[in-house]
Amino acid sequence: MTVRTRFAPSPTGYMHIGGMRTALFNWLYAKKHGGKFILRIDDTDQQRNVDDALAPILQAFRWLNLDWDEGPEVGGDYGPYFQSQRSDLYTAAADRLLAEGKAYRCFDTSEEVQADKEAARENGTPPAGMRRSLELSDAEIQQKLDNGDPWVMRFKVPQDRKIEIHDEIRGHVEWDAALMFDPNIMRSNGSPLYNFATVVDDAQLKITHVIRAEEHLSNTAIQVLLYEALGETVPTFAHIPFVMAPGTKKKISKRDVEKYRKSPAFKILFDLSNQVLPQIGLDEGALNPVMVEFYEQTGFLPAGLLNSLGRTGWSFDETTEFMSLDFLIENFSLGRVVKASAAFDPEKLMSYQAHWMNELSSDDRTERCTPFLQKAGLLPADPSEDDLAKVSKVVESLGDRIKVASDILTYGYFFKDNIEYDAKAFKKRVKKGNVPELLGEFRPVLAELSEWTLESIEAALQQFAESKEIGTGLLINALRIASTGSPAGPGVYDCLVIVGQETVLTRIDAAIEKATAG
RNA sequence: GGCCCCAUCGUCUAGUGGCCUAGGACUCUGGCUUUUCACGCCAGCAACACGGGUUCAAAUCCCGUUGGGGUCACCA
């Protein structure tokens, strides 16, 4: 038996981070067992623009390198892979259940059903009146049909039994069928409800392992009954805990982004968002950390996100933290999924991200940073070789200071004509004692350097400091602020070399002027 | 409320009856390194929800309590 797993997103216009984790576990399980991973689109409720609403979802999978064996764009033997195109399947299955007496037409109004359920709830009994449509004679039914009375199809729950499953993560779970209501499986307009459609689809797609969020656990009882009624093999279930929002006990949800915006647990992500999005021409509200696209657009590595997703609700052993996708494929198992729900942890994501960024060669990092400079207008769309060489130099000197690719924007001073001074640092390092004078005296030394290299500048500075009988730190710090405006960054000599002799001299002049002005 | 699921440091987790004085990671704190920042290194803070059993032995098994969550649609 080949393992077949699936993920069935609705085209909502974005890929949910929690859904991505569920998809990842499905994908991993299929890969690990040499099986197939299927993408099916649950678009029954969707109006138009399915393509537009689906695009970001497919893009998220592509970005993370999670390919699908069957589904949109790639097709497959069990298509179509859009629920909206599979209505025949649902109708046929429903008709069969009806013919076999396993389902019935329910003519009750929704008010009547509601009342039945409420009464049942109060009494703690199964809903008694609910099956009154079953009392109808064939003639009465025909009469109602002829009248055009609306009806829905209900599945007749076999009440004298228990439903038991062995969930790969929860273990043995059972329900008492006597307590269940007959579920609606087809709407009055002939379209299927989720619980029914998903069973028909999973059976027809030969899904062997249904790995999904635990919120579906209660749905499983009715689904098992449906599989049996349809004469299909019940798949193996694995209900994984859902992903909670950091700092909460609630499922992470797009509805709550405004709350997240103020939450300390989300701070690093929204700080990044606020800093980066405007610079790359995106509206601040356009993307948020609930969406996978957010991580792509702010310069995370697939490896970073994947490591984080793979480690929330799953572990390999007591010490392994850094896991590549290959490692995950090799070692993933449902048995090691944690039962309790886990909060997505932005801090930890950053630490994984930093790790994988450091694994990259300087050239790879440069390649990832360049587009951000372009989007921010700090580099032309068609950069010259000199431009690229400069980016490369900057990235190399920045080393592990770049955690996400968009961090390059923090060091925009290498690419701008006008720099902004960090006020505190300027006061502490430049506008202090005789520093402006020293800078003034050192300027001509720099101006006269015929060679502008790390070594020549360092030698000149050391000699100058010695002659003045001052520590090198004084000048070094002053030069950093004067030439970059910022207290953070690569070594000063790197900075000076990259900024360039001419610009350094101009900036020193500007700094001296600013320091002595007021 | 009924049904179902869950419960170890702030967070992610290890733990499947003795290797537990409960391990690792992130965060945080202190120190070292250092021309800034970052990295790195060292050290530290910090948890078995509670109550009963079972057992020579329980974080681990059982029962109960409490707490958290899910679900009860002509949504998915």
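The chains referred to below are lettered A, B, ... by the order of the sequence lines, with proteins before strands, and numbering in each begins at 1. Please read all numbers here as calculations on a predicted model, not as lab measurements.
- A donor-acceptor contact under 3.5 angstrom links the side chains of A/Thr320 and A/Asp317, judged on distance only.
- Note that CG of A/Asp407 is 7.5 Å distant from CD of A/Gln275, once rounded to the nearest 0.5 Å.
- Residues passing the side-chain contact (heavy atoms from CB on, under 4.5 Å) test with A/Leu438 are A/Asn434, A/Phe464, A/Lys468, A/Ile470, A/Leu474, A/Leu475, sequence neighbours excluded.
- Listed nucleotides: B/G70, B/A76, B/C6. Nearest to the side chain of A/Arg170: B/C6.
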Below 3.5 Å is the cut-off: list the nitrogen or oxygen pairs between protein and nucleotides 41-48 of chain B, distance only.
none

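- When heavy atoms are screened at a 4.0 angstrom cut-off, A/Lys250 is found touching the sugar-phosphate backbone but no base atom.
- Spacing between atom CE of A/Met350 and atom P of B/C39 amounts to 10 Å, rounded to whole angstrom units.
- B/C63 and B/U54 are spaced 15 Å apart, taking the P atom of each and rounding to whole Å.
- Between B/C45 and B/C62, the two C1' atoms lie 36 Å apart (nearest whole Å).
- Considering only heavy atoms from C-beta on, A/Lys431 stays 4.5 Å or farther from A/Tyr421 through its side chain.
- Nucleotides B/U33 and B/C41 are separated by 8 Å at their C1' atoms, to the nearest Å.
- At a cut-off of 3.5 angstrom, counting only N and O atoms as typed in the model, there is a donor on one side and an acceptor on the other between the side-chain of A/Ser188 and the base of B/C74.
- A 3.5 Å limit on both hydrogen-bonding distances identifies no Watson-Crick or G-U partner for B/U33.
- Base pairing analysis places B/G2 opposite B/U71; the two distances defining the Watson-Crick or G-U wobble pair are each below 3.5 Å.
- By the 6.0 Å contact criterion, CD on A/Glu164 is enclosed, its count of non-hydrogen atoms from other residues, nucleotides or ligands being greater than 12.
- Across all strands shown, A/Asn219 has heavy atoms under 4.0 Å from base atoms, whether or not it also approaches the sugar-phosphate.
- Pair assignment for B/U54 gives none, since no Watson-Crick or G-U wobble pairing has each distance under 3.5 Å.
- At whole-Å resolution of the value, CD in A/Glu215 and C1' in B/C75 are 12 Å apart.
- With B/C3, B/G69, B/C72 as the candidates, the nucleotide lying closest to the side chain of A/Trp175 is B/C3.
- Straight-line distance between the C1' atoms of B/C61 and B/U55: roughly 10 Å, to the nearest whole Å.
- B/U16 and B/C48 have their C1' atoms separated by 15 Å, given to the nearest Å.
- The interatomic distance linking A/Lys162 (NZ) with B/C3 (P) rounds to 11 Å, in whole Å.
- Base pairing annotation: B/U11 forms a Watson-Crick or G-U wobble pair with B/A25, both donor-acceptor distances under 3.5 Å.
- With both pairing distances under 3.5 Å, B/C19 is matched to nothing as a Watson-Crick or G-U wobble pair.
- A/Glu164 places its CD atom 14 Å from the C1' atom of B/C4, with the value rounded to the nearest Å.
- A distance of 11.5 Å separates CG of A/Leu306 from CD of A/Gln353, quoted to the nearest 0.5 Å.
- B/U27 and B/C42 have their P atoms separated by 15 Å, with the value rounded to a whole Å.
- Considering only heavy atoms from C-beta on, A/Arg401 stays 4.5 Å or farther from A/Thr410 through its side chain.
- In terms of modelled atom types and a separation under 3.5 Å, the side chain of A/Thr236 and the main chain of A/His209 share no donor-acceptor contact.
- Put simply, CD1 on A/Ile222 is 22 Å from P on B/G70, counting in whole angstrom units.
- Rounding to whole angstrom units, CG of residue A/Asn307 and P of B/C26 are separated by 12 Å.
- Legend: residues meeting side-chain contact (heavy atoms from CB on, under 4.5 Å) with A/Ser324, ordered by chain and number and at least two apart, are A/Asp326, A/Phe327, A/Trp356.
- Between A/Leu325 and A/Leu28, the closest side-chain pair of non-hydrogen atoms falls below 4.5 Å.
- Across the interface with RNA chain B, nearest-nucleotide mapping of A/Lys251 and A/Thr320 shows A/Thr320 to be the residue nearer the 5′ end.
- Each of A/Asn219, A/Thr5, A/Thr220 was compared with A/Arg212 under the side chain to side chain donor-acceptor pair (under 3.5 Å) criterion, and only A/Thr220 meets it.
- Closest to the side chain of A/Lys339, out of B/C6, B/C72, B/C5, is B/C6.
- Of the residues near RNA chain B, A/Ser110 and A/Ile169, the one whose nearest nucleotide (by heavy atom distance) lies more toward the 5' end is A/Ile169.
- Closest to the A/Glu347 side chain, of the nucleotides B/G70, B/A76, B/U27, is B/U27.
- Contacts of A/His216 with the nucleic acid, taken as non-hydrogen atoms under 4.0 Å apart, include base atoms.
- The salt bridge (charged side-chain N to carboxylate O under 4.0 Å, His left out) test with A/Arg6 singles out one residue from A/Asp201, A/Asp42, A/Asp202, and that residue is A/Asp202.
- In summary, the aromatic rings of A/His216 and A/Tyr194 are positioned with their centroids under 6.0 Å apart.
- Comparing B/A7 with B/G51, their C1' atoms are spaced 15 Å from each other, to the whole Å.
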Could you go through nucleotides 34-38 of chain B and list every protein N or O atom that sits under 3.5 Å from one of its N or O atoms, giving the distance for each pair?
unit_1, atom_1, unit_2, atom_2, d
B/U35, O2', A/Asn477, OD1, 3.0
B/U36, O2', A/Pro487, O, 2.5
B/U36, N1, A/Arg480, NH2, 3.3
B/U36, O2, A/Arg480, NH1, 3.2
B/U36, O2, A/Pro487, O, 2.9
B/U36, O2, A/Gly489, N, 3.2
B/U36, O2, A/Gly489, O, 3.4
B/U36, N3, A/Arg480, NH2, 3.0
B/U36, N3, A/Gly489, O, 2.7
B/U36, O4, A/Gly491, N, 3.4
B/C37, O2, A/Arg401, NH1, 2.6
B/C37, O2, A/Gly489, O, 3.3
B/C37, N3, A/Arg401, NH1, 2.4
B/A38, O2', A/Lys403, NZ, 3.1
B/A38, N3, A/Asp400, OD1, 3.3

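- Residue pairs meeting the side-chain hydrogen bond (donor to acceptor under 3.5 Å, both in side chains) criterion with at least one member in residues 147-156 of chain A, sequence neighbours excluded, are A/Gln143-A/Asn147.
- Across B/G10 and B/C20, the matching P atoms stand 22 Å from one another, rounded to whole Å.
- Searching all strands for a Watson-Crick or G-U wobble partner of B/A49 with both distances below 3.5 Å returns B/U65.
- Atom CD of A/Gln223 is separated from atom P of B/C4 by 18 Å (rounded to the nearest Å).
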For nucleotides 9-13 of chain B, print each protein N/O atom paired with a nucleotide N/O atom at under 3.5 Å, atom names and distance only.
unit_1, atom_1, unit_2, atom_2, d
B/U11, O2', A/Asp345, OD2, 3.3
B/C12, OP1, A/Ala343, N, 3.0
B/C12, O2', A/Arg311, O, 2.8
B/C12, O2, A/Lys348, NZ, 2.9
B/U13, OP1, A/Gly313, N, 2.3
B/U13, O3', A/Ser315, OG, 3.2

